[in-house]
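Shown next, in structure tokens, is the structure this report addresses.
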Amino acid sequence: MKSAARKVVTVCLLLFVCSAAFGRTIALQFDDCDLMAAIVEEGPRHSWASSNWSTPIFSTISITPGIKRSFLIRFPLDKIPKGQHIVYAEWTLNPHVVVPNSRLFIWRLLVDWGAGVNYNYRMLRPKPLAWTVPGARGNSSDRGTKPSAIIRMSQPGEQIVNVTEDVELWYTGAAPNYGWLICLEDTDSYVRMLSPLYENRLNWELRVTYEP
């Protein structure tokens with residue numbers, strides 16, 4: 001029995017040493033992002049209309065996703081060395097106001113977006129290009145066929161989202177990295193988060209573990 005126990009301990013130690021020797025984790029934070037935008041139907045020309053105090057006054061302090069309001073964000077993955085295998089990726093979000101049982105949807109974007117992005121257009125420069133459906137709501141055209149994740153929340157607080165599949169697709173080049181869209185799909189849901197510009201950077205952190 002003692003011999004068997006020693007073998008188990010030895011195997012565990014070897015696994016730990018191998019993991020420490022070969023596995024690496026990189027933490028990407030909001031200031032690593034190269035694109036961020038908040039788009040809303042009430043302000044279709046705005047590229048940052050993350051919450052409104054009273055129309056047409058919009059704030060950049062907080063983000064309140066909705067059925068007609070979305071937040072877009074992209075993390076470049078060029079800090080991960082080439083030729084690696086993505087083991088696991090998790091994204092930390094930290095809503096500070098939540099109506100119980102609200103569902104937050106995370107979608108992988110399928111098309112390029114950038115300068116001048118708004119509710120109707122995914123970019124205005126170098127030439128105007130419209131979303132298939134306003135607000136980037138076109139399934140299988142603007143965004144994925146299905147959500148990358150659905151977070152059901154009963155109270156505010158840190159939410160850890162498994163986004164391994166998306167990060168692996170982007171890193172391997174199987175799909176272009178156009179980032180994520182965050183929104184709500186239910187009329188009875190309400191979620192508010194502080195913008196990455198004002199929030200503790202750890203609350204928007206993308207952690208990616210990889211190995212050779």
Side-chain angles (χ1 to χ4, degrees), residues 28-78 91-97 104-144 147-151 159 161 163 166-167 169-170 175-185 189-206:
L28 302 176
Q29 296 161 347
F30 84 91
D31 44 3
D32 291 303
C33 296
D34 62 350
L35 286 173
M36 279 188 280
I39 58 176
V40 60
E41 186 182 48
E42 302 101 291
R45 295 186 179 183
H46 290 285
S47 292
W48 194 281
S50 51
S51 63
N52 63 307
W53 293 344
S54 62
T55 304
I57 300 174
F58 294 91
S59 166
T60 61
I61 296 176
S62 60
I63 295 170
T64 54
I67 294 178
K68 298 181 179 181
R69 186 193 306 270
S70 302
F71 184 65
L72 290 65
I73 186 169
R74 183 175 75 174
F75 290 87
L77 302 177
D78 52 359
W91 192 18
T92 301
L93 302 174
N94 198 347
H96 66 278
V97 178
L104 187 68
F105 287 70
I106 297 175
W107 296 83
R108 180 168 58 88
L109 285 163
L110 302 182
V111 292
D112 198 9
W113 54 281
V117 58
N118 58 53
Y119 192 78
N120 293 321
Y121 289 89
R122 55 188 175 95
M123 64 176 65
L124 292 179
R125 297 185 297 275
K127 65 178 182 179
L129 294 174
W131 297 109
T132 303
V133 177
R137 294 287 176 141
N139 289 4
S140 303
S141 54
D142 299 318
R143 62 188 190 181
S148 298
I150 302 175
I151 314 168
Q159 306 290 325
V161 188
V163 290
D166 285 352
V167 171
L169 285 172
W170 294 334
N177 178 7
Y178 297 132
W180 288 297
L181 176 147
I182 302 174
C183 66
L184 303 179
E185 305 283 347
S189 289
Y190 182 84
V191 176
R192 177 181 291 173
M193 301 177 284
L194 288 178
S195 158
L197 300 176
Y198 293 89
E199 177 66 288
N200 182 320
R201 63 181 60 194
L202 297 180
N203 289 336
W204 286 91
E205 187 175 74
L206 175 63

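- Looking at every heavy atom in both residues, S47 comes nearest to G116 through OG-C, 3.5 Å.
- Looking at residues two or more places apart in sequence or on another chain, you find a side chain to side chain contact (heavy atoms under 4.5 Å, CB included) between L35 and R74, W113.
- When side chains are defined from C-beta on, W107 counts as touching N139, because their heavy atoms get closer than 4.5 Å.
- Legend: residues meeting ring pair (Phe, Tyr, Trp, His ring centres under 6.0 Å) with W170, ordered by chain and number and at least two apart, are W180.
- Under a 3.5 Å cut-off, the side chain of R192 and the backbone N or O of S62 do not form any donor-acceptor pair.
- Considering only residues two or more places apart in sequence or on other chains, R45 meets the side chain to side chain donor-acceptor pair (under 3.5 Å) condition with none of them.
- E185 is linked by a salt bridge (charged side-chain N to carboxylate O under 4.0 Å, His left out) to R137, R143, counting only residues two or more places apart in sequence or in another chain.
- The heavy-atom pair separating A49 from V40 by the smallest distance is CB-CG1, 3.1 Å.
- Taking 4.5 Å as the limit, some side-chain heavy atom of L93 sits within range of a side-chain heavy atom of L104.
- The side chain to side chain contact (heavy atoms under 4.5 Å, CB included) test applied to T132 returns S141, D142, not counting sequence neighbours.
- Take W48 and apply the side chain to side chain donor-acceptor pair (under 3.5 Å) test, not counting sequence neighbours, and it matches S50.
- Residues that satisfy the side chain to side chain contact (heavy atoms under 4.5 Å, CB included) test with S189, not counting sequence neighbours, are S102, L184, D186.
- One finds the CZ atom of F71 at 5.5 Å from the CE atom of M36 (value rounded to the nearest 0.5 Å).
- Contact check for I61 versus L194: side-chain heavy atoms found under the 4.5 Å cut-off.
- Of the inter-residue distances, the one linking F105 atom CZ with I67 atom CD1 reads 9.5 Å to the nearest 0.5 angstrom.
- Note that CG of L206 and CD of Q29 are 10.5 Å apart. Values are rounded to the nearest 0.5 Å.
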Compile the donor-acceptor pairs under 3.5 Å between side chains in residues 120-131 and protein atoms, sequence neighbours left out, one pair per line.
residue	atom	partner	partner atom	Å
R122	NH1	D112	O	2.8
W131	NE1	N118	O	2.9
W131	NE1	Y121	O	3.3

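- Minimum interatomic distance between G135 and L181 (heavy atoms only, all atoms of both residues): O-CD1, 3.8 Å.
- Taking the side chain to side chain contact (heavy atoms under 4.5 Å, CB included) definition, one finds that P76 meets it with D34, D78, sequence neighbours left out.
- Note on K68 versus E42: no salt bridge recorded, every NZ/NE/NH1/NH2 to OD/OE distance being 4.0 Å or above.
- D32 pairs by the salt bridge (charged side-chain N to carboxylate O under 4.0 Å, His left out) definition with K79, not counting sequence neighbours.
- The distance from atom CG of N177 to atom CZ of F75, rounded to the nearest 0.5 Å, is 10.0 Å.
- Q159 has its side chain within reach of P95: a pair of non-hydrogen atoms, C-beta onward, lies under 4.5 Å apart.
- The side chain to side chain donor-acceptor pair (under 3.5 Å) check on S148 picks up D166, with sequence neighbours excluded.
- Nearest heavy atoms, C183 versus S70: CB-OG, 3.6 Å.
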